[in-house]
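Scroll down for the structure; my scribbles are underneath it.
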Amino acid sequence: MFEISRRITVFARPSRVWEALTAWDRQSEWVPLTRVYATDLGGRAVGGGLTAITGIGPLAFTDTMVITEWSPPTLCRVRHTGRVVRGTASFVVVADGSNRAAVTWSEEIIPPLGRAGELCWPVVRPIVSGLLWYSLRRFARWAPRYPG
């Protein structure tokens, strides 16, 4: 399993940051090439489900997730259950004043394709890390304007 974690400061109330972060159907506004849908329990409780479709056309893949920890307004942890993306992920929101919050997005990834996936990880890791960072930077600009 390989871990990637990125953290950013968002200039908005922590409660608003949490609302924006867990507005699953709006994630496409800040995560490129990805659409997220809540499935079981509306994606808002332990045991709830999420489905993300990432990519374009035939290069897209489905990432199914089950929520394993749900502690609003600070923590959402999921287990990736799809064929391509396996492992765990979390969003953590920590208040840093009344109008500022630190958001950490962490992924613990089990590469697909067994040993071949592990050998490719040094090439893939910077791409995944860069996409997380790019998405969080977009989120930091988008969340303060989130209409909630």
Minimum-distance pair of heavy atoms, taken over all atoms of R35 and Y37
NE-OH, 3.3 Å
Report whether M1 and L119 are members of the same hydrophobic cluster (ILVMFWY, side-chain heavy atoms less than 4.5 Å apart, transitive linking).
no
With heavy-atom distances below 4.5 Å as the criterion, would you say the side chains of P144 and V10 are in contact?
yes
Side chain proximity check, S106 to V92, heavy atoms < 4.5 angstrom
no
Reported OG1-to-CZ distance for the pair T9 and R7, which is rounded to 0.5 angstrom:
5.5 Å
For A45 and L41, work out which heavy atoms get closest and say how close.
CB-CD1, 4.1 Å
Flag the pair L136 / Y134 as yes when at least one side-chain heavy-atom distance between them is below 4.5 Å, and no otherwise.
no
Take V128 and W133, measure what side-chain contact (heavy atoms from CB on, under 4.5 Å) needs, and give me the verdict at the end.
CA-CA 9 Å; V128 173; W133 181 236; over 6 Å; no
Closest approach of V46 and E69, non-hydrogen atoms and distance?
CG2-CA, 4.0 Å
For atom CZ of R83, is the number of surrounding heavy atoms from other residues, nucleotides or ligands below 6.0 Å larger than 12?
no
Taking V36 as the starting point, is it possible to reach W70 by hopping between hydrophobic residues whose side chains are less than 4.5 Å apart?
yes
Criterion salt bridge (Lys or Arg N to Asp or Glu O under 4.0 Å) on R115 and E118, from CA distance to verdict
CA-CA 5 Å; R115 183 76 178 132; E118 290 177 15; 3.3 Å; yes
Run the numbers on W24 and R44 for side-chain contact (heavy atoms from CB on, under 4.5 Å), then give the verdict.
CA-CA 10 Å; W24 307 121; R44 298 193 103 37; 3.8 Å; yes
State, yes or no, whether a side-chain contact exists between T88 and V78 at a heavy-atom distance under 4.5 Å.
no
For residues 47-63, please give each side-chain donor-acceptor pair under 3.5 Å, one per line with the distance, not counting sequence neighbours.
residue: T54; atom: OG1; partner: T34; partner atom: OG1; Å: 3.0
residue: D63; atom: OD1; partner: H80; partner atom: ND1; Å: 2.9
residue: D63; atom: OD2; partner: H80; partner atom: ND1; Å: 3.1

As an exercise, state the distance from CG of D96 to CZ of F11, rounded to the nearest 0.5 Å.
8.0 Å
Is there a side-chain contact (heavy atoms from CB on, under 4.5 Å) between E107 and L132? Walk through the geometry before answering.
CA-CA 9 Å; E107 297 275 350; L132 258 63; 4.1 Å; yes
Going through the checks in order, is the side-chain contact (heavy atoms from CB on, under 4.5 Å) test met by L21 and W105?
CA-CA 10 Å; L21 196 58; W105 181 356; over 6 Å; no
Side-chain heavy-atom pair F139, V17 within 4.5 angstrom cut-off
yes
So do R77 and I67 actually touch side chain to side chain, heavy atoms under 4.5 Å?
no
Looking at A38 and G43, what are the two nearest heavy atoms and their distance?
CB-N, 3.8 Å
Same cluster for L131 and I8 if Ile/Leu/Val/Met/Phe/Trp/Tyr side chains link at under 4.5 Å?
no
Consider only side-chain heavy atoms of I, L, V, M, F, W and Y, link residues closer than 4.5 Å, and tell whether I109 and V66 are in one cluster.
no
From the list S71, C76, P72, side chain to side chain contact (heavy atoms under 4.5 Å, CB included) partner of T74 resolves to S71
As an exercise, state the distance from SG of C120 to CZ of R125, rounded to the nearest 0.5 Å.
15.5 Å
Might you point out which heavy atoms bring P126 and W121 nearest each other, and give the distance in Å?
CD-O, 4.4 Å
With a 4.5 Å limit on heavy-atom distance, are the side chains of T104 and R6 in contact?
no
Taking the side chain as C-beta and beyond, is there a heavy-atom pair between R138 and P32 under 4.5 Å?
yes
Is there a continuous path of hydrophobic side-chain contacts, each under 4.5 Å between heavy atoms, that joins V85 to I4?
no
Hey, are E19 and R16 close enough for a salt bridge, meaning a charged N less than 4.0 Å from a carboxylate O?
no
I need the D40 CG to M65 CE distance, nearest 0.5 Å.
12.5 Å
